[in-house]
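This report concerns only the one structure given below.
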Amino acid sequence: MRNKIVAGNWKMHKTAVETKQLLNELIDKLPNDVEAQIIVAPTFVNLSLAINVLENSNIAVAAQNMHQAEAGAFTGEISASMLTNIGVQTVILGHSERRAYFHETDALLAEKVNTALKHDMNVIFCFGEELKDRQDNQHFNVVENQLRDGLFHIENNAWEKIILAYEPVWAIGTGETATPEQAQEMHEFIRETIRKHYGSDIAEDVSILYGGSVKPDNAKEIFSKPDVDGGLIGGAALKAEDFSKIVEGIR
Ligand code: PGA
């Protein structure tokens with residue numbers, strides 16, 4: 001089912017005290033008459049806290065990553081069942097920072113996707129080209145390859161658990177946003193690529209979020225594009241007022 005979604009990726013920000021404060025501000029400030037699913041992704045150590053604070057709200061909690069194995073000698077890692085056991089049903093996989101700084105490959109991400117699906121989790125699957133790819137006019141190829149190698153092995157019925165997040169790397173944390181037209185052009189291409197592999201029903205049903213320097217003053221225009229179903233927000237998700245204004249933009 002194609003939903004409008006606004007998700008906040010908090011990255012490595014906010015202590016427990018700050019997490020609680022921001023969540024309470026979000027409960028107060030977020031408009032509750034907007035038909036969009038709201039998700040926040042605090043860091044691992046604050047997920048339980050977030051689940052508790054948000055218990056009676058309609059804000060969902062996602063993890064920013066997880067390991068592909070069920071359990072084992074993987075010092076410092078977190079498994080799917082550790083997440084679902086505390087009530088986390090959604091995980092962000094393939095964020096460009098995971099790909100760039102932690103060397104996550106498409107093949108590894110395909111494994112992580114399988115593990116998440118096995119645990120009946122929702123996956124926010126991130127992908128997007130680097131600046132050089134766009135300059136070389138390779139951005140469509142890069143995106144198609146990332147989808148094919150990380151995701152296109154899944155069964156048709158698994159698509160109901162998938163949310164896509166197109167995040168051009170050159171727009172993440174840089175203040176440089178794709179224009180609404182660039183976002184729409186790529187989102188349309190993504191939907192078309194899914195249509196080719198999986199058919200129209202799945203292509204029409206999947207939510208495709210845009211991420212990369214979405215701010216209160218540009219969200220509305222980006223979200224107004226027909227193939228943009230919402231956003232994955234980094235920096236601007238760390239301030240309740242900004243995030244709320246972004247959510248307003250999805251009306
Ligand atoms: P940004 O990050 O909004 O700070 O550019 C987006 C993301 O990394 O998901």
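Each ligand, and each atom within it, is numbered from 1 in the order the structure gives.
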Interfacing atoms of ligand 1 (cut-off 4.0 Å, heavy-atom, Lys11):
2 (O), 7 (C), 8 (O)
List ligand 1 atoms under 4.0 Å from Ser213, heavy atoms only on the residue side.
1 (P), 3 (O), 5 (O)
Donor + acceptor pair across side chains of Asp229, His187 (<3.5 Å)
no
I'd like to know if Gly211 contacts ligand 1, where contact means a heavy-atom distance under 4.0 Å to any ligand atom.
no
Quick test of your reading of the model: are Glu241 and Lys245 salt-bridged, counting only N-O distances below 4.0 Å?
yes
Please list the nearest protein heavy atom to atom 3 (O) of ligand 1 with its residue and the distance rounded to 0.1 Å.
Gly234 N, 2.9 Å
Roughly how far apart are Gln64 CD and Asn9 CG, rounded to 0.5 Å?
5.0 Å
Could you tell me if the side chain of Ile154 sits less than 4.5 Å from the side chain of Tyr198, heavy atoms only?
yes
Identify, for atom 4 (O) of ligand 1, the protein heavy atom at the shortest distance, and state residue, atom and that distance.
Gly235 N, 2.8 Å
Do Leu109 and Arg98 have side chains that approach each other closer than 4.5 Å (heavy atoms only, starting at C-beta)?
no
Relative to the heavy atoms of Gly212, which atoms of ligand 1 are at a distance of less than 4.0 Å?
5 (O)
Please list, in number order, the atoms of ligand 1 under 4.0 Å from a heavy atom of Gly173.
1 (P), 4 (O), 5 (O)
Check whether any heavy atom of Ala236 sits under 4.0 Å from an atom of ligand 1.
no
Would you please determine whether Lys215 falls within less than 4.0 Å of ligand 1 on a heavy-atom basis?
no
Nearest atoms (heavy-atom pairs only) where Ser244 meets Pro31
O-CD, 4.1 Å
Which is it for His103 and Leu108 under the side chain to side chain contact (heavy atoms under 4.5 Å, CB included) test, yes or no, and what are the steps along the way?
CA-CA 9 Å; His103 315 294; Leu108 174 75; over 6 Å; no
So between His95, Gln64, Glu167, whose heavy atom ends up nearest atom 8 (O) of ligand 1?
His95
Heavy-atom side-chain proximity of Leu232 to Tyr166 below 4.5 angstrom:
no
Measuring from non-hydrogen atoms of Ala171 to any atom of ligand 1, is the shortest distance under 4.0 Å?
yes
